[in-house]
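Letters A, B, ... are given to chains in the order of the sequence lines, protein chains preceding strands, and every chain is numbered from 1.
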Amino acid sequence: MSRELAKTYDPKGIEERLYEKWMKNGYFHAKVNPDKKPFTIVMPPPNVTGQLHMGHALDNTMQDILIRFKRMQGYEALWQPGTDHAAIATEVKVIEKLRSEGIDKNEIGREAFLKHAWAWKEEYGGRIINQLKKLGASADWDRERFTMDEGCSRAVNDVFIKLYNKGYIYKGSRIINWCPVCQTSISDAEVEHEDQDGFFWHINYPIVGEEGRFVEIATTRPETLLGDTAVAVNPKDERYKDLVGKMLELPLTGRQIPVIADEYVDKEFGTGCVKITPAHDPNDFEVGRRHNLEEINILNDDATINEKGGKYAGMDRYEARKVMVEDLKEMGLLVKVVPHSHSVGTHDRCGTTVEPMIKPQWFVRMHEMAQEAIKVVKNGEMKFVPERFDKPYLNWLENIRDWCISRQLWWGHRIPAYYCDECGEIVVGKETPAVCPKCGCTHFHQDEDSLDTWFSSALWPFSTLGWPDDTPEMNYFYPTDVLVTGYDIITFWVIRMVFSALEQTGKIPFHHVLIHGLVRDSLGRKMSKSLGNGIDPLEVIDRYGADALRLTLMTGNAPGNDMRFYWERVEASRNFANKIWNASRFILMNLEGKEIEKPADLSALCPEDRWILSRINTVTREVTENMDKYELGIAVSKIYDFLWDEFCDWYIEIAKVRLWKADEDPKASGEALWTLRTVLTQALKLLHPFMPFVTEEIYCTLLPEEESIMIAPWPEYDEALCFADAESAVSCMQEVVRGIRNTRTQMQVPQGRKTHVYIVAGSAEAAEQYRSCARSFVNLASASGIYVQETREGIGEDAVSIVVSNAVAFLPLEDLVDKAKELERLSKEKERLAKEISRCEGMLNNPNFVNKAPAAKVDAEKEKLAKYKEMAEKVETQLKNLA
RNA sequence: GGAAGGUUAGCUCAGCUGGGAGAGCGCUCGCUUGACGUGCGAAAGGUCGCAGGUUCGAUCCCUGUACCUUCCACCA
């Protein structure tokens, strides 16, 4: 590979090339390996025919970072990928496609429809996987699974049968949420409540046998009147005590309904009289069951009024509402209409207002399994990161209701229940039963419904590893280590995986649940198709590279918090990629044609080299700790700061002085080069999980003998590379350099004008420190010569002084010095120091502080005080000299 | 009604177990310095929502409060 690098980093082409290389070399593949410890992440399966959005990008970037980190650390790291069949979403898409071709789902029938659906899946199924690859995802694609593949389907059937036999799955006629557009039942979790402005229609129901007397009810859905089978009042409501037991004439229907008493009614709300529609309201359903009321379903599946609705039959629910209100008005039964805002349940997939309806459906009894899922979080076996997300988890489980799992869809796992054609007996099993156990009949038909998508994704952490078979993978990789997902999906998916895993495998599915927030647009709005404010991650990758996108998503946001997306931030990330690219380019240019050997004794290196080695050593320790705690944002910003500020802005500039004189002093330049390459290499390894492409490209160019940074071992902290003395020497030097730069700017010293720098050290020790890194000043402080001494001797009276903690630096800038300004500058400095001194003294004079604060804090204050006093004295001396 | 989170520099946000407030972007000034102008150097800019409390000491802990966001429940 050529060592020539372009002047700016262009990820195009490079990313694809590297990804192909990784795939070809099989780096992503994990296998059962008893010699290594496993580390497992199961990828939340995206919709098989979906497209990558920012949420996926964030979620998968986090997973990829963790998996790459652990892989480098020597774990057998499995990132188990796959896709979800997404029942409703996919079925709707296929229906739409067929419709555009003039084909009706119901006309072609189940078999033919499924053929179309599979064809659709084959056509678009690979799309999102390829998009994930563009992101750099190092998942084990050899193990890619699909919720409807053979193994997963077997797991689904197995679980269904087990739960049925245990009595945890049952079929029942209960009130469920019905989506009239998707024409299927949906679970409570799939209903979104939103406040809508509507009306309260007050309607009089005439009391039978009491001419002119009415009961006034108030409703937000007048059309449900057609299904009323009672009016309820509170038993303690004095106003209506005499009405209980009386009959009312239900307008528009000719039916008579009773007045009943039930605690459910709130005396204060509305009129205190509630129409009861057991078939179309969950609360009314409960009341109805308590009082044995008739349940009259008045709606067809498409939410038009059915034959029970008399003259309104065939009308859409909202049209019927309008007409009925008109009719009631004409009859003089409409008392009033008042505006009223109330929450309406909508289907989260299509936004349609759901209708509660009574239908025979399959349910999972939740109470017992929920208890187990609660236990593992309460006892700390399974932990949320950040911890606060255990609250919605526990809250949901503690108030859980039975889970409606049947869907009136074809795309999905068909319910393994068979009905005897003769007697209707239900037999649940893997195959069509031969003989009815009840009547001996041999003819059966399978249940038409399919299962909720989440039923199969609930099994994902183990069905993908081969369960229900006892596979080596199950034994080795399960339970998985961490699940990474957004907080919006805890109730849908996380909970269901946990209770399913506990029930089926007896183990938690994962030890940690790492929760992230939503990626919002720059105005803080949710990205959505309808708003058109979504930003396509692929466009970001195309324009700035996957590394820039990944870095953007990982910086500046805390775990579990939402973040806003800004193109400016992507630019900043891109700039960083370019920055390290150029740092590497610089090092490569200097390495050209040289063989660099590791210095025999690192502790004999100059302070600057030992400083940067010591720093990367510390950064390595800190970053590793952050990664272990899932603090990915903190980890990457430490690497960022180290590389940009310390390595590029300081160390490279320091090293240049030696590189310029490579011919004169090959040993010194060799040491600088070795250090440059070593530190950069190590930092690249730390950065690799975050920015896999640019780090790989540089690494392989820098170390042509190496195969890939992906398989390089993760750096480890090394006690022997901790050089406190060097860190202190360099930090003093930096203090002086900053002081000099500041002064030069203030005095408007022209860029090209170099000056001598005199450093009068406060002690022999300090002098030694400054001498040891004197040559660095040449470049850092635009110095023409460095003179470290212990007295002021030989320095002009009017030299500009810069006072630091253990020295005073002087710049002979005679012609530029304005005495008055200089006096002012020093006075200000004096003032500043005086403030510091009084602050320290204040604390130290406080006996409470001295007695109660930790000794280390007190000593630190004492040291500061001494330092500031010394500096103040020096400033004072300068002021005198100037005067 | 219940719960969670937020309130820090002009903007967007970090800030781990309490001990002198940080970043990115923006703004100002100066730089065609031989890796990088996708850059370098120097600055300006914050009583860390408000009020109490605990503490020698609070952006951080506790209580209350205001405003914002979200989730759950209810709404005849």
Identified salt bridge (charged side-chain N to carboxylate O under 4.0 Å, His left out) counterpart of A:Asp562 within the set A:Lys526, A:Arg525, A:Arg520:
A:Arg520
Closest nucleotide among B:A35, B:G39, B:C56 to the A:Met589 side chain:
B:A35
Side-chain N or O of A:Lys526 less than 4.0 angstrom from OP1 or OP2 on B:U69?
no
Identify which nucleotide among B:C36, B:C56, B:U38 has an atom closest to any side-chain atom of A:Arg585, counting heavy atoms from C-beta outward.
B:C36
Taking N and O atoms by type only, does the side chain of A:Lys7 place a donor or acceptor under 3.5 Å from a partner on the base of B:C36?
no
Measure across A:Lys754 and A:Ser784 and return the closest heavy-atom pair with its distance rounded to 0.1 Å.
CB-CB, 3.8 Å
Do A:Ser573 and A:Thr552 have side-chain N/O donor and acceptor atoms under 3.5 Å apart?
yes
Of all the choices, B:G19, B:U38, B:G20, which nucleotide is nearest to the side chain of A:Asn578 once you look at every atom?
B:U38
Using atom CG of A:Asp628 as one end and atom P of B:C16 as the other, report the distance to the nearest whole Å.
19 Å
Taking NZ from A:Lys638 and C1' from B:A14, how many angstroms apart are they, rounded to a whole number?
12 Å
How is A:Phe389 classified with respect to the nucleic acid when contacts are heavy atoms under 4.0 Å: base, sugar-phosphate, or nothing?
nothing
Using Watson-Crick or G-U wobble geometry with both distances under 3.5 Å, which nucleotide pairs with B:U47?
none
Just call it for A:Ala572: base, sugar-phosphate, or nothing, with non-hydrogen atoms closer than 4.0 Å on any strand.
sugar-phosphate
Roughly how many Å is it from CG in A:Leu865 to C1' in B:G19, rounded to a whole number?
16 Å
If only side-chain N and O atoms of A:Asn742 are considered, is one of them under 4.0 Å from the OP1 or OP2 phosphate oxygen of B:A43?
yes
So what does A:Tyr9 touch, heavy atoms closer than 4.0 Å: a base, only the sugar-phosphate, or nothing?
nothing
What contact category does A:Val265 fall into here, base, sugar-phosphate, or nothing, at under 4.0 angstrom with non-hydrogen atoms?
base
Out of B:A42, B:U38, B:G19, which has the shortest distance to the side chain of A:Arg574?
B:U38
On a heavy-atom basis, the closest approach of A:Val636 and A:Met554 is CG1-O, 4.1 Å
Taking any heavy-atom pair under 4.0 Å as a contact, classify A:Pro847: base, sugar-phosphate, or nothing.
nothing
Rounding to an integer number of angstrom, what distance separates B:G64 and B:U28 when you compare their C1' atoms?
43 Å
Just the rounded figure in Å: distance from P of B:A73 to NZ of A:Lys391.
19 Å
Would you call the rings of A:Tyr640 and A:Trp644 parallel, tilted or perpendicular, taking 30° and 60° as the class edges?
tilted
Considering every strand and a 4.0 Å limit on heavy-atom distances, what is the contact class for A:Arg221: base, sugar-phosphate, or nothing?
nothing
note: A:Glu697, atom CD; B:A35, atom P; distance rounded to Å ~ 21 Å
Any side-chain N or O of A:Lys852 under 4.0 Å from OP1/OP2 of B:C56?
yes
With a 3.5 Å cut-off and heavy atoms only, can you find an N or O donor on one side and an acceptor on the other between the side chain of A:Arg744 and the base of B:G41?
no
Work out how far the C1' atom of B:U7 is from that of B:C13, and round it to whole angstrom.
12 Å
Atom pairs, N/O to N/O, protein against nucleotides 6-13 of chain B, distance under 3.5 Å?
unit_1	atom_1	unit_2	atom_2	d
B:U12	O3'	A:Arg564	NE	3.4
B:C13	OP1	A:Arg564	NE	2.8
B:C13	O2'	A:Gly556	O	2.3

If you measure from the C1' atom in B:C60 to the same atom in B:U55, how many Å do you get, rounded?
13 Å
Rounding to the closest angstrom, what is the interatomic distance between B:U70 and B:U54 at atom P?
37 Å
Those residues of residues 642-656 of chain A lying under 4.0 Å from RNA chain B by at least one heavy atom
A:Trp644, A:Cys648, A:Asp649, A:Ile652, A:Glu653, A:Lys656
Pairwise P distance for B:C50 and B:U32, with rounding to whole Å
46 Å
Among B:G30, B:C72, B:G20, which is the nearest nucleotide to the side chain of A:Gln751?
B:G30
Pairwise C1' distance, B:A58 and B:G53 [rounded to whole Å]
11 Å
Say you pick atom P in B:C61 and the same atom in B:C48; how far apart are they, in whole Å?
15 Å
